[in-house]
Amino acid sequence: MKKQRSSAQVVKRSSERTPTGHSITGPLDHLATLRSLPSVDKLLESEALKPVLGCVHRRMAVRTIRAYLDELRQKIQAGETAAYAQDELVRRLERERKPTLTRAINGLGVILHTGLGRAPLARVAQEALADASEHFSSLEIDLETGRRGSRYRHIEPLLCELTGAEAAMVVNNNCAATLLILSGLAKGKEAIVSRGQLIEIGGAFRIPDVMMQSGCKMVEVGTTNRTHLRDYKNAVTPETALLLRVHTSNYKITGFTKEVSLEELVALARESHVLVVDDLGSGALVDLSKYGLPKEPLVQDSVKAGADVICFSGDKLIAASQAGIIVGKKKHIDLLKKHPLTRALRCGKLTYAVLERTLELFLDEERVVKEHALFQLLLKTPAQMQSEARGLLRRVQADLKDKVEFAVKPALSEIGGGSLATESLESRVVAIRPKTMHVDELARRMRLNRPPVFGRVEKGVYVLDFRTLRRDEIPVIAAALLVAFQQ
Ligand SMILES: *Cc1c(COP(=O)(O)O)cnc(C)c1O
């Protein structure tokens, strides 16, 4: 509010001064343009904006309008050409339509898309979430004694049973888990990592940066494509705290390559009295290769191989809530539980509610495969996707036949979230080539639908991938397409 007033005052003062000196055309032009800007109140009352203003909270609308007018004023004062454009304001107001966080329809084909919040939850987890949010909860109370207990008890026995580990804990996400482990176990000491594993995950998670932040000294060994056991061996000094293995989740080095196995690292670590830490990334609990899917390393295998501490995400292949799960030897986990950072990285009751119920599902593999939303998407068959894609076509083809070329096609989709990076799953897509508008405009209109619909744009074609779409979303997508072509 202040900002707007002060800029208005600046305008007035300069208008008083202009006649006595300044170049005539420039500032006067500016003033005329400035005066032609509508006022906030006028816009709030405007008939043309009524529909969009009906969907935005009034205070947020005032804020958006004010910011837009301020921006125009600054541009005009800087001598740029700028004028009020209703379309642009509508666009900005639409971005504020409440609530801004809504469900979304994922036609991108990427199941674990971080931008779309990663995987949907299992039904039992959704119910637990509703229950935990409605009521008080037994988050950190020991029911026997009535005293303050440990929130880890909701997930620790489950994780130990599922992975074979001695102990477990949970923090905010896997990035936090890595940071905590390195801070807790290697601060001021050396951590050895292969150059082939110095990964960057989307959102600026970079192993070298996390290591630096944790206060440990990163010792890189080997080369990008080949690292040998002797490289690690030669790098171990009395200052070494641990050997870090990082799963190269989102890329693959192929060709002339060599990686040291976890078993070999463990053997070397035992000999040298240092620890092995394994950042698994996705952390699969079910062997996906049994279901014809590409293989992702199992947490159980890392435990069996003897890694001292292992971490993985709660919302990648476990598809629970955002969380970083740490399992391993009790001695080290106990140390991490007491670390000062742990309090800063801890999760709340909603996370525990979702994690507990989801992990419970994994106790029974048959059940998790049948009931978990993630597996329903992972295990969709081409025939199923083909039939859904045809279902969408049936609903829109007749109405849009003059405006669009349609095709149902086979395609490859990825799991995403840094899982099974280089592997693709066969899927079926509806390819839509718009004839009456640019494909980017179609994609935009679909995104502005309520709920927003996300599709891939590929060489002039808008692609909806049925790997990630559900049958019950077909009518919504069809309606969105019809509206998009009506505008
Ligand atoms: C995804 C990933 C992370 C980051 O996990 P978040 O849960 O997203 O914080 C860290 N390390 C590896 C190897 C990953 O694949």
Side-chain angles (χ1 to χ4, degrees), residues 106 110-114 116-132 152-165 168-170 173-174 177 247 249 280-304 310-327 347 350-381 384-385 413-420 423 425 427 467-472:
N106 177 2
V110 182
I111 299 177
L112 299 175
H113 193 289
T114 304
L116 297 183
R118 298 192 181 159
L121 303 181
R123 176 76 57 197
V124 281
Q126 297 167 26
E127 287 162 6
L129 187 57
D131 199 44
Y152 301 127
R153 83 182 160 87
H154 307 294
I155 47 90
E156 189 164 21
L158 283 167
L159 280 165
C160 291
E161 174 59 28
L162 287 166
T163 65
M169 65 185 290
V170 172
N173 57 18
N174 190 33
H247 179 47
S249 322
L280 273 178
S282 297
L285 293 172
V286 169
D287 182 0
L288 298 177
S289 65
K290 271 202 259 176
Y291 303 93
L293 296 165
K295 187 157 176 101
E296 180 75 12
L298 289 170
V299 182
Q300 302 84 298
D301 289 347
S302 287
V303 174
K304 222 178 280 161
I310 301 157
C311 62
F312 48 98
S313 286
D315 59 347
K316 286 183 180 172
L317 288 173
I318 294 173
S321 44
Q322 176 185 302
I325 300 174
I326 308 177
V327 302
C347 309
L350 303 181
T351 299
Y352 278 94
V354 169
L355 264 182
E356 180 180 10
R357 299 307 170 87
T358 310
L359 290 171
E360 242 171 49
L361 262 189
F362 278 89
L363 288 174
D364 183 349
E365 185 167 322
E366 238 174 69
R367 205 175 142 215
V368 76
V369 168
K370 212 165 58 200
E371 289 183 26
H372 198 323
L374 171 77
F375 285 88
Q376 281 161 12
L377 298 178
L378 276 174
L379 299 178
K380 274 180 110 171
T381 63
Q384 199 180 342
M385 293 184 274
S413 47
E414 38 176 321
I415 298 181
S419 304
L420 310 164
E423 315 280 353
L425 306 177
S427 74
R467 166 64 57 195
T468 43
L469 292 171
R470 295 184 340 201
R471 193 173 282 280
D472 61 0

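Of all heavy-atom pairs spanning T358 and H372, the tightest one is CG2-NE2, 3.6 Å. When all heavy atoms are compared, the tightest approach of R467 to S427 is CB-CB, 3.9 Å. The shortest non-hydrogen separation linking S313 to R118 is OG-NH1, 4.1 Å. Shortest non-hydrogen contact noted between F362 and L285 is CD2-CB, 3.8 Å. The two residues Q300 and A284 have their closest heavy-atom pair at OE1-O, 3.7 Å. Shown here for I325 and I318, the closest heavy-atom pair between the two residues is CD1-CD1, 4.0 Å.
Annotation: side chain of I310 is in contact with side chain of V303 (closest heavy-atom distance under 4.5 Å). For the pair C347/Y352, a side-chain contact is recorded, criterion being any heavy-atom separation below 4.5 Å from C-beta on. Counting heavy atoms from C-beta outward, L359 and I155 have side chains that approach closer than 4.5 Å. Contact annotation: the side chain of D287 approaches that of K295 to within less than 4.5 Å [non-hydrogen atoms, C-beta and beyond]. Side-chain atoms of L374 and L112, non-hydrogen and from C-beta on, do get closer than 4.5 Å to each other. Within the 4.5 Å cutoff, side-chain heavy atoms of L158 are placed close to those of E360. Between H247 and E296 the shortest side-chain heavy-atom distance falls below 4.5 Å. Within the 4.5 Å cutoff, the side chain of D315 has no heavy atoms near those of the S321 side chain.
Here NZ of K370 is found 11.0 Å from CD of Q376. Values are rounded to the nearest 0.5 Å.
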CA sep, side-chain torsions, deciding dist, call: V110, S413, side chain to side chain contact (heavy atoms under 4.5 Å, CB included): CA-CA 6 Å; V110 182; S413 47; over 6 Å; no
Dump the intermediate steps for side chain to side chain contact (heavy atoms under 4.5 Å, CB included) on L378 and Y291, then the final yes or no. CA-CA 9 Å; L378 276 174; Y291 303 93; over 6 Å; no
Could you go through L288 and L317, starting from their C-alpha distance and side-chain angles, then the distance that decides it, and tell me whether this counts as side chain to side chain contact (heavy atoms under 4.5 Å, CB included)? CA-CA 10 Å; L288 298 177; L317 288 173; 4.0 Å; yes
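In the displayed structure, E161 atom CD is contacted under 6.0 Å by at most 12 heavy atoms of other residues, nucleotides or ligands.
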